[in-house]
Enquirer: 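First the structure, then my questions, so here it is.
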Amino acid sequence: MDQSRQVFTVDLLERYASKGRGVITCMAAGNDVILLGTSKGWLIRHDFGAGGSSDFDLSSGRPGDQSIHRVFVDPGGSHCIATVIGGGGAETFYMHAKWSKPRVLGRLKGLIVNAVAWNRQLITEASTKEVVIGTDNGQLFEMAVDEKDKREKYIKFLFELKELPEAFMALQMETASLSNVTRYYVMAVTPTRLYSFTGIGLLETVFASYLERAVHFMELPGEIPNRQALHCLNLFNELHFFIKQRRAMHFAWLSGAGIYHGGLNFGAQHSYINGDENFVENKALLDYSKLSDGVDAVKPSSMAVSEFHFLLLIGNKVKVVNRISEQIIEELQFDQTSESVSRGVIGLCSDATAGLFYAYDQNSIFQVSVNDEGRDMWKVYLDMKEYAAALANCRDPLQRDQVYLVQADAAFTSRDFLRAASFYAKINYILSFEEVTLKFISVGEQDALRTFLLRKLDNLAKDDKCQITMISTWATELYLDKINRLLLEEDNALEKHSSEYQSINQEFCAFLGDCKDVLDEATTMRLLESYGRVEELVYFASLKEQYEIVIHHYIQQGETKKALEVLQKPAVPIDLQYKFAPDLIVLDAYETVESWMTTKNLNPRKLIPAMMRYSSEPHAKNETHEVIKYLEFCVHCLHNEDPGVHNLLLSLYAKQEDDDALLRFLQCKFGKGRENGPDFFYDPKYALRLCLKEKRMRACVHIYSMMSMHEEAVALALQVDPELAMAEADKVEDDEDLRKKLWLMVAKHVIEQEKGTKRENIRKAIAFLKETDGLLKIEDILPFFPDFALIDDFKEAICSSLEDYNNQIEQLKQEMNDATHGADNIRNDISALAQRYAVIDRDEECGVCKRKILIVGGDYRMSRGYTSVGQMAPFYVFPCGHAFHVHCLIAHVTCSVNETQAEYILDLQKQLTLLGDGARKDMNGGITEDSITSMTPADKLRSQLDDAIASECPFCGELMIRQISLPFILSEEALLVNSWEIKPQNNLANMRTLSLPV
């Protein structure tokens with residue numbers, strides 16, 4: 001085998017590792033630390049991780065020759081246990097990596113320790129935790145050491161073999177945490193047996209339980225060496241665990257009969273029952289005869305275990321055996337010195353932490369390295385036809401393809417074509433698509449070919465759109481062919497094929513649903529149509545949202561509900577509702593209308609053609625008119641305002657035998673409450689023509705009235721019912737003449753229609769006059785009576801009418817007298833105005849300038865046009881007591897009102913000033929009736945100015961109230977505000993400071 005491709009390689013690590021302290025007798029490794037025991041009682045420690053080595057003399061103080069029997073080191077390389085055998089008996093030592101001197105374990109004095117099991121899960125550099133020790137007299141002990149104590153914490157006796165006392169040759173221990181408790185698993189081997197111990201709690205408790213129950217063991221008898229031989233050949237009967245991520249995965253026992261090995265599952269439920277069940281899985285025995293070609297079997301002298309291989313020391317060679325196939329894959333040679341060749345390689349050991357293996361002879365240490373030992377395991381499993389394991393160990397797609405190809409070919413050869421198709425579909429590189437399809441076509445396996453295509457679709461990437469579409473189309477045709485072949489099967493197996501037909505049909509529909517986005521729509525529909533698969537065509541059309549095809553199919557089948565369910569889907573265009581409405585309403589008017597009533601955003605106007613088609617067909621008398629129901633829903637619930645909808649509903653009402661619904665519709669004001677909107681939305685002219693055509697006279701009367709054609713309404717009502725005519729005549733309220741005219745029409749009709757005696761007719765006419773509430777008089781209806789009617793018959797009515805006229809004349813006289821009296825009162829009030837006065841205190845001040853009102857002289861420029869009182873300035877006095885100079889009041893009011901009003905006041909004052917003194921009148925003179933009617937222009941201007949500035953007191957009236965909302969500081973006073981701002985002094989240095997005495 002090419003060295004570069006070798007899985008295991010050997011290198012010389014240390015030529016003279018024993019340092020002249022004797023020959024090497026035993027060795028242990030952990031975490032790049034190697035401990036050697038020599039024939040002269042020396043313990044040598046090589047630390048390849050930190051560098052350096054040290055040696056310790058364990059024979060010091062002991063008589064005779066001393067030799068290291070066994071040496072043990074934990075996976076971390078910190079804790080060491082060694083047993084020395086010599087003339088003084090056996091003695092066991094413990095040593096920590098930090099100690100400079102080993103310590104004797106007195107409790108084990110005289111006992112030969114053959115095996116040690118470390119607690120890999122809990123051990124630390126500072127503490128060993130629980131350690132199980134096995135001796136050559138068949139006893140087990142528990143020990144624990146804390147580095148800080150410099151001595152063992154305890155050494156307890158655990159167990160002793162009594163049925164078949166044999167030496168314990170090797171030990172392994174594993175722990176598992178279960179709900180805050182620890183379960184221990186301990187495996188121990190003797191020359192002929194493998195014992196298993198397990199339990200929950202303390203180790204002492206676990207082993208104590210075996211006093212009452214049998215120990216589980218596996219016996220593989222072989223040649224049992226005597227005790228002396230065991231002391232000399234202490235490498236025989238090894239037990240190894242393969243450790244991965246600090247957990248044992250599988251074990252191997254180098255027994256006398258062969259290598260007994262298997263997997264370990266410490267979490268399996270079957271290992272918990274009764275606390276003693278086997279936790280070993282997939283057990284096997286590798287016979288030594290497989291290690292030699294046609295010669296006597298040779299037993300290995302030592303062994304090491306990797307993930308997939310056994311390293312077996314046979315003579316001076318290491319044979320690497322695959323654990324799965326039990327085949328030798330490599331042989332390793334060692335570069336030994338001439339003096340070491342005679343004895344050969346002594347043994348093997350492993351460093352689970354570093355993932356390395358070591359071999360040693362009398363003087364040297366060899367390192368065995370692993371180079372990707374799992375790279376060819378997929379081939380091993382494949383040759384053994386363990387396909388799942390082979391796939392799990394594949395490193396690349398090509399390897400997986402080879403596994404699938406072997407599986408596919410095997411299934412094809414055994415004529416399991418469907419299974420073969422599934423495996424062929426997984427192959428991507430080493431076999432072409434065409435080759436596979438031709439294989440199935442050549443044997444006529446259409447079902448297998450279809451299965452292959454379907455599985456191939458599952459394995460294709462989404463980017464291969466073209467290939468996906470072609471394969472999907474091919475699979476579609478194969479499905480259709482299969483369905484047709486089932487339909488053509490003979491009748492003798494009808495039931496069986498019917499079940500198969502249903503199954504394949506359901507599968508095909510599911511396929512269409514899965515591939516709807518990759519199948520070409522036009523091609524697929526042509527295929528379905530050519531095979532006559534109408535249901536599948538409809539199904540595919542619904543998947544592709546071709547709802548028109550689906551609905552058309554359901555209508556042809558008369559399945560109205562299904563068609564309406566499709567139309568109710570949110571994705572269906574609303575236009576299809578209008579397109580299929582005529583067909584649907586004819587098929588099932590009730591379901592169609594119910595669907596319309598639940599559909600949102602439906603425009604009833606576009607449904608009018610369908611509703612008219614339905615309405616044109618004859619219906620039973622007691623049948624509910626579905627179109628009327630829908631139109632009523634639109635009008636009353638949806639508040640539809642479309643004139644076409646209202647006109648259609650009105651026309652349907654007009655064609656009914658009973659006109660109550662029509663009258664209710666006409667009387668209902670659908671637009672009531674809307675601003676600038678009509679009370680109704682139908683066309684009144686159309687409604688009138690329709691009602692006249694259908695002879696719905698009461699409805700015509702209502703429409704005439706609604707159109708304000710009251711004369712026509714009353715005339716038509718008189719043909720139907722005089723009471724109706726009276727009601728129509730009484731509706732006119734704002735036009736008294738028209739109302740009277742209408743009542744006269746009614747009166748004429750009533751009088752002309754009476755056919756009783758003359759006196760009786762007259763009494764009825766008089767009674768009719770009373771119903772008009774005085775609107776008509778006897779003289780209004782007299783022309784309607786015959787000329788030969790006697791006046792005596794109207795005596796009572798004429799007298800009553802004359803009395804009414806007399807009362808009206810008297811009422812008019814009274815009203816004239818009241819008007820004359822009111823005019824006299826107005827004249828008296830005007831005369832009294834000239835005599836009204838107010839008393840002014842001589843110290844009374846002007847409300848604005850605070851100067852006295854009666855001050856002599858003053859500035860009269862602002863008060864021209866006003867009458868002066870002597871030398872005093874003109875002024876105003878208000879009923880509240882406030883007084884103001886004229887010019888002060890003008891100035892105050894103009895400042896308080898808006899700009900427009902101020903300009904108006906100043907303009908009046910300017911005009912009054914321009915008229916001058918010639919226009920002034922003497923204010924002390926009396927105001928006569930003639931003066932009121934003949935006012936000069938100055939008087940008019942002064943009156944307008946009085947109204948503008950003196951209509952109310954500026955301090956007590958609305959003007960003062962409006963000033964509450966004005967700000968204290970106006971915008972034009974901003975400069976004044978700035979002058980009051982306090983600014984900080986910049987020249988603080990010149991400020992004078994005062995020191996105040998405390």
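The basis for the numbers below is simple: all heavy atoms, side chains too, and nothing from hydrogens, waters or symmetry mates. Note that this is a predicted model, so its numbers are computed, not measured.
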Enquirer: If you round to the nearest 0.5 Å, how far is CG of Leu239 from CH2 of Trp253?
Expert: 9.0 Å

Enquirer: Which pairs with one or both residues in residues 77-90 pass salt bridge (charged side-chain N to carboxylate O under 4.0 Å, His left out), sequence neighbours excluded?
Expert: none

Enquirer: What is the distance from atom CG of Leu220 to atom CG of Leu194, rounded to the nearest 0.5 Å?
Expert: 8.0 Å

Enquirer: Does Gln367 have any side chain to side chain donor-acceptor pair (under 3.5 Å) partners at least two apart in sequence or in another chain, and if so, which?
Expert: Ser369

Enquirer: Please check if atom NZ in Lys19 has more than 12 non-hydrogen atoms from other residues, nucleotides or ligands closer than 6.0 Å.
Expert: yes

Enquirer: Show the nearest heavy-atom pair for residues Ser127 and Asp146, with the distance to one decimal.
Expert: OG-OD1, 2.7 Å

Enquirer: Quick one: do Val206 and Thr198 satisfy side-chain contact (heavy atoms from CB on, under 4.5 Å)? Show the steps, please.
Expert: CA-CA 7 Å; Val206 173; Thr198 181; 5.9 Å; no

Enquirer: Sub-3.5 Å donor-acceptor pair from the side chain of Gln66 to the main-chain atoms of Val84, do we have one?
Expert: no

Enquirer: Output yes when a side-chain donor or acceptor of Asp361 lies under 3.5 Å from a complementary backbone atom of Gly344, and no otherwise.
Expert: no

Enquirer: Will you find, in the side chains of Gln327 and Asn322, an N or O donor that is under 3.5 Å from an N or O acceptor?
Expert: no

Enquirer: Is there a side-chain contact between Asn371 and Val7 in this structure, where contact means two heavy atoms from C-beta onward sitting under 4.5 Å apart?
Expert: no

Enquirer: Quick test of your reading: applying ring-ring contact (aromatic ring centres under 6.0 Å, His included), list the pairs with at least one residue in residues 21-42, sequence neighbours left out, ordered by first then second residue.
Expert: none

Enquirer: Would you find a donor on one side and an acceptor on the other, under 3.5 Å apart, between the side chain of Thr83 and the backbone of His69?
Expert: no

Enquirer: Taking the side chain from Trp99 and the backbone from Lys150, do they hold a donor-acceptor pair closer than 3.5 Å?
Expert: no

Enquirer: Measure from NZ or CZ of Arg103 to the centre of the six-membered ring of Tyr94 and say whether it is under 6.0 Å with the direction within 45° of the ring axis.
Expert: no

Enquirer: Please confirm whether the ring centroid of Tyr260 lies under 6.0 Å from the ring centroid of Phe251.
Expert: yes

Enquirer: Which pair of non-hydrogen atoms, one from Ile243 and one from Arg246, has the smallest distance, and what is that distance?
Expert: CG2-CA, 3.7 Å

Enquirer: Taking 4.0 angstrom as the limit, do Lys244 and Glu307 come out as a salt bridge?
Expert: yes

Enquirer: Do Val10 and Phe334 touch side chain to side chain, with heavy atoms closer than 4.5 Å?
Expert: yes

Enquirer: How close do Ala28 and Phe72 get, counting heavy atoms only, and between which atoms?
Expert: CB-CA, 4.1 Å

Enquirer: Quick test of your reading: applying salt bridge (charged side-chain N to carboxylate O under 4.0 Å, His left out), list the pairs with at least one residue in residues 344-360, sequence neighbours left out, ordered by first then second residue.
Expert: none

Enquirer: When you measure from the side chain of His79 to the backbone N and O of Thr124, does any donor-acceptor pair fall under 3.5 Å?
Expert: yes

Enquirer: Does Thr38 use its side chain to pair, donor to acceptor, with the backbone of Ile24 at less than 3.5 Å?
Expert: no

Enquirer: Quick one: does Ile34's side chain get under 4.5 Å of Leu36's, heavy atoms only?
Expert: yes

Enquirer: Using a 4.5 Å cut-off on heavy atoms from C-beta on, say whether the side chain of Leu105 contacts that of Ile155.
Expert: yes

Enquirer: Does either side chain, that of Arg45 or that of Ser53, offer a donor lying less than 3.5 Å from an acceptor on the other one?
Expert: no

Enquirer: Quick one: do the Thr175 and Gln121 side chains pair a donor with an acceptor below 3.5 Å?
Expert: yes

Enquirer: Quick one: does Met218's side chain get under 4.5 Å of Met187's, heavy atoms only?
Expert: no

Enquirer: Enter the distance from Ile328:CD1 to Ile314:CD1 here, rounded to the nearest 0.5 Å.
Expert: 6.5 Å

Enquirer: Establish, from distance only, whether the side-chain atoms of Ser18 and Gln362 form a donor-acceptor pair under 3.5 Å.
Expert: no

Enquirer: Among Asn119, Ile123, Thr182, exactly one meets side-chain contact (heavy atoms from CB on, under 4.5 Å) together with Glu130. Which residue is that?
Expert: Asn119

Enquirer: Give me the atom names and distance for the closest heavy-atom approach of Ala82 to Leu58.
Expert: CB-CD1, 4.0 Å

Enquirer: Taking Leu203's backbone N and O only, do any of them form a donor-acceptor pair with Glu142's side chain (distance below 3.5 Å, no angle check)?
Expert: no

Enquirer: Do Arg15 and Asp335 touch side chain to side chain, with heavy atoms closer than 4.5 Å?
Expert: yes

Enquirer: I want to know whether Phe241 and His250 have ring centres closer than 6.0 Å.
Expert: no

Enquirer: If you round to the nearest 0.5 Å, how far is OG1 of Thr128 from CD1 of Ile81?
Expert: 7.5 Å

Enquirer: So, for Gly77 and Ala97, which heavy atoms are closest and what is the spacing to 0.1 Å?
Expert: O-CB, 4.1 Å

Enquirer: Does the His96 side chain pair with the main chain of Glu125, one donor and one acceptor, at a distance under 3.5 Å?
Expert: yes

Enquirer: Report yes or no: do Glu238 and Ser302 form a side-chain donor-acceptor pair below 3.5 Å?
Expert: yes

Enquirer: For the side chain of Ser350 and the backbone of Ala352, is there at least one donor-acceptor N/O pair under 3.5 Å apart?
Expert: no

Enquirer: If every non-hydrogen atom of Ser67 is compared with every non-hydrogen atom of Thr25, which pair is closest and at what distance?
Expert: OG-CG2, 3.8 Å

Enquirer: Assess whether side-chain contact (heavy atoms from CB on, under 4.5 Å) is satisfied between Tyr195 and His216, documenting all intermediate values.
Expert: CA-CA 6 Å; Tyr195 292 91; His216 183 83; over 6 Å; no

Enquirer: With a 6.0 Å cut-off on the ring centroids, do Tyr185 and Phe197 count as close?
Expert: no

Enquirer: Going by the salt bridge (charged side-chain N to carboxylate O under 4.0 Å, His left out) test, which pairs reach into residues 254-264, not counting sequence neighbours?
Expert: none

Enquirer: Checking side-chain polar atoms at under 3.5 Å, does His309 have a donor or acceptor matched by the opposite partner on Glu373?
Expert: yes

Enquirer: Any salt bridge between Arg193 and Glu166, counting N to O under 4.0 Å?
Expert: no

Enquirer: Would you check if Glu91 and Val104 make a side-chain contact, meaning some heavy-atom pair closer than 4.5 Å?
Expert: yes

Enquirer: Does the pair Arg247/Glu174 count as a salt bridge with the N-to-O cut at 4.0 Å?
Expert: yes

Enquirer: Going from NZ on Lys156 to CG on Leu140, what distance comes out if it is rounded to the nearest 0.5 angstrom?
Expert: 15.0 Å

Enquirer: Does the side-chain contact (heavy atoms from CB on, under 4.5 Å) test come out yes or no for Asp136 and Phe168, once each step is laid out?
Expert: CA-CA 6 Å; Asp136 68 340; Phe168 282 111; over 6 Å; no

Enquirer: When rounded to the nearest 0.5 angstrom, what is the spacing between CG in Asp74 and NZ in Lys129?
Expert: 13.5 Å

Enquirer: Checking the side chain of Asp149 only, and the main-chain atoms of Val145 only, is there a donor and an acceptor separated by less than 3.5 Å?
Expert: no

Enquirer: When you compare the side chain of Leu311 with that of Phe8, does any pair of heavy atoms fall below 4.5 Å?
Expert: yes

Enquirer: Please lay out, stage by stage, how Val73 and Val71 fare under the test side-chain contact (heavy atoms from CB on, under 4.5 Å).
Expert: CA-CA 7 Å; Val73 66; Val71 62; over 6 Å; no

Enquirer: Check residues 376-387 and write down every donor-acceptor pair under 3.5 Å in which the side-chain atom is one partner and the other belongs to a residue at least two apart or another chain.
Expert:
none

Enquirer: Could you check whether His261 and Phe310 have their ring centres less than 6.0 Å apart?
Expert: yes

